[in-house]
Amino acid sequence: MHGNQHARGDIPVSESQDGSAQIDPVLAAQLKARVELPKRFYQDVTTAKTDDGHHAVLLDGRSVRTPARNVLALPTQGLAEAVAEEWRAQEVTIDPKTMPLTRLVNSAIDGVADAIQPVAEEIARYAGTDMICYRADAPEGLVALQCQQWDPVIAWLHDALGVRLVLTEGLSHIVQSETALARIAADLSDRSAFQIAALSAVTTLTGSAALALMLDAGVATPDDVWIAAHVDEDWQISLWGEDAEAAARRAFRRMEFDAAALILREFARTG
């Protein structure tokens with residue numbers, strides 16, 4: 001909260017000019033929206049093929065709609081069943097936090113579908129500051145782990161796409177060549193909205209467009225990519241341990257990551 005707004009227990013309040021506490025109606029509404037999840041209103045979750053060959057998710061025989069009111073229809077049966085399973089798993093209430101795949105495909109349908117090229121270009125630009133290019137100069141153990149996990153990614157990117165990323169030690173900014181970034185953008189040019197949404201999510205969650213591309217190519221497993229993305233974090237945990245809040249945040253990010261990896265795997269299987 002900001003200004004003279006604060007909370008007493010779970011009740012957001014603000015101070016009036018005379019110093020008395022008053023319930024802030026805006027913050028109260030926001031809190032209520034966060035706390036009160038919608039009740040599960042359906043019994044059966046199924047999928048059905050649409051006229052255009054996609055696979056819609058149905059609740060009691062009626063199509064699910066995205067936040068923008070588009071039909072929630074997926075390009076493959078496997079992906080539709082995975083989304084349907086998230087809806088089946090909801091019990092008394094519907095909690096979007098536990099439905100990472102549904103949220104990601106909603107984003108693909110409502111947002112990325114109309115902006116595939118800009119989002120693809122953003123992924124390519126991310127490679128300009130890719131995490132795996134910024135190496136530690138000490139301690140030796142961390143340097144060795146970074147080399148072990150990240151050097152094969154650099155080598156694969158060069159072999160597969162002809163892209164050679166420049167490395168540096170510490171946080172000194174480096175500029176990657178426009179040619180390298182253009183080649184990455186070109187490699188993304190034939191992806192669907194679902195693939196681009198998944199690649200964007202993996203890039204953001206790992207801090208590395210190179211790792212996202214490697215996962216998409218199927219030459220690294222989700223576990224391999226996740227480990228490579230957390231070399232620095234795991235090194236710190238090995239020294240100082242991990243608190244419960246940080247572990248919970250990481251587990252939530254892993255759910256998001258696994259949803260994106262599932263989309264990429266499904267397209268690889270059907271492509």
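Quick note: residue numbers are just sequence positions, from 1. Worth knowing before you read on, the calculation uses all heavy atoms, side chains too, and leaves out hydrogens, waters and symmetry mates.
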Is there a donor-acceptor contact under 3.5 Å from the side chain of [X] to the main chain of [Y]?
{"X": "Gln195", "Y": "Ser192", "value": "yes"}
{"X": "Ser200", "Y": "Ala197", "value": "no"}
{"X": "Arg40", "Y": "Arg88", "value": "yes"}
{"X": "Trp150", "Y": "Ala228", "value": "yes"}
{"X": "Asp130", "Y": "Ser208", "value": "no"}

What heavy-atom pair brings [X] and [Y] nearest, and what distance separates the two atoms?
{"X": "Asp234", "Y": "Arg250", "result": "OD1-NH1, 2.7 Å"}
{"X": "Ala124", "Y": "Leu188", "result": "N-CD1, 4.5 Å"}
{"X": "Arg191", "Y": "Asp216", "result": "NH2-OD2, 2.6 Å"}
{"X": "Leu167", "Y": "Ile132", "result": "CD2-O, 4.1 Å"}
{"X": "Ala120", "Y": "Ile196", "result": "CB-CD1, 3.9 Å"}

Check: [X]/[Y] side-chain N/O donor and acceptor closer than 3.5 Å:
{"X": "His230", "Y": "Arg254", "value": "no"}
{"X": "Asp52", "Y": "Thr50", "value": "yes"}
{"X": "Asp232", "Y": "Gln146", "value": "yes"}

Inspect the contact between [Y] and [X] and indicate whether a charged nitrogen and a carboxylate oxygen are less than 4.0 angstrom apart.
{"X": "Glu122", "Y": "Arg125", "answer": "yes"}
{"X": "Glu86", "Y": "Arg103", "answer": "no"}
{"X": "Asp60", "Y": "Arg62", "answer": "no"}
{"X": "Asp110", "Y": "Arg69", "answer": "no"}
{"X": "Asp258", "Y": "Arg265", "answer": "no"}

Counterpart residues, side chain to side chain contact (heavy atoms under 4.5 Å, CB included), relative to Val71 (two or more places apart) =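 Once residues adjacent in sequence are excluded, the partners of Val71 under the side chain to side chain contact (heavy atoms under 4.5 Å, CB included) criterion are Ala56, Ser63, Arg65, Ala73.
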
Under a single-linkage definition using a 4.5 Å side-chain heavy-atom cutoff for Ile, Leu, Val, Met, Phe, Trp and Tyr, are [X] and [Y] assigned to the same hydrophobic cluster?
{"X": "Leu211", "Y": "Leu145", "value": "yes"}
{"X": "Leu79", "Y": "Leu58", "value": "no"}
{"X": "Ile123", "Y": "Val219", "value": "yes"}
{"X": "Val119", "Y": "Leu215", "value": "yes"}

Less than 4.5 Å apart, any side-chain heavy atom of [X] and any of [Y]?
{"X": "Leu59", "Y": "Asp44", "answer": "no"}
{"X": "Val57", "Y": "Thr46", "answer": "no"}
{"X": "Thr204", "Y": "Glu256", "answer": "no"}

Run the side chain to side chain donor-acceptor pair (under 3.5 Å) check on Thr221 and Asp224 step by step: do they pass?
-> CA-CA 5 Å; Thr221 69; Asp224 289 339; 3.1 Å; yes

Does CD belonging to Gln117 count more than 12 external heavy atoms closer than 6.0 Å?
->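 No - once you tally the heavy atoms of other residues, nucleotides and ligands closer than 6.0 Å, there are 12 at most.
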
Point-to-point distance, once rounded to the nearest 0.5 Å, from CG of Leu104 to CE of Met99 =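 Atom-to-atom, Leu104:CG and Met99:CE are 13.0 Å apart.
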
Nearest 0.5 Å, what's the CG-CD distance between Leu74 and Gln77?
->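 Result: 9.5 Å between the selected atoms.
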
Mind listing the side-chain donor-acceptor pairs of residues 169-180 below 3.5 Å, one per line with the distance, residues two or more places apart or on another chain?
{"from": "Gln176", "atom 1": "OE1", "to": "Val166", "atom 2": "N", "distance (Å)": "2.8"}
{"from": "Gln176", "atom 1": "NE2", "to": "Val166", "atom 2": "O", "distance (Å)": "2.9"}
{"from": "Ser177", "atom 1": "OG", "to": "Ala180", "atom 2": "N", "distance (Å)": "3.0"}

Take Tyr42 and Ile94, measure what side-chain contact (heavy atoms from CB on, under 4.5 Å) needs, and give me the verdict at the end.
-> CA-CA 10 Å; Tyr42 53 89; Ile94 302 171; 3.8 Å; yes

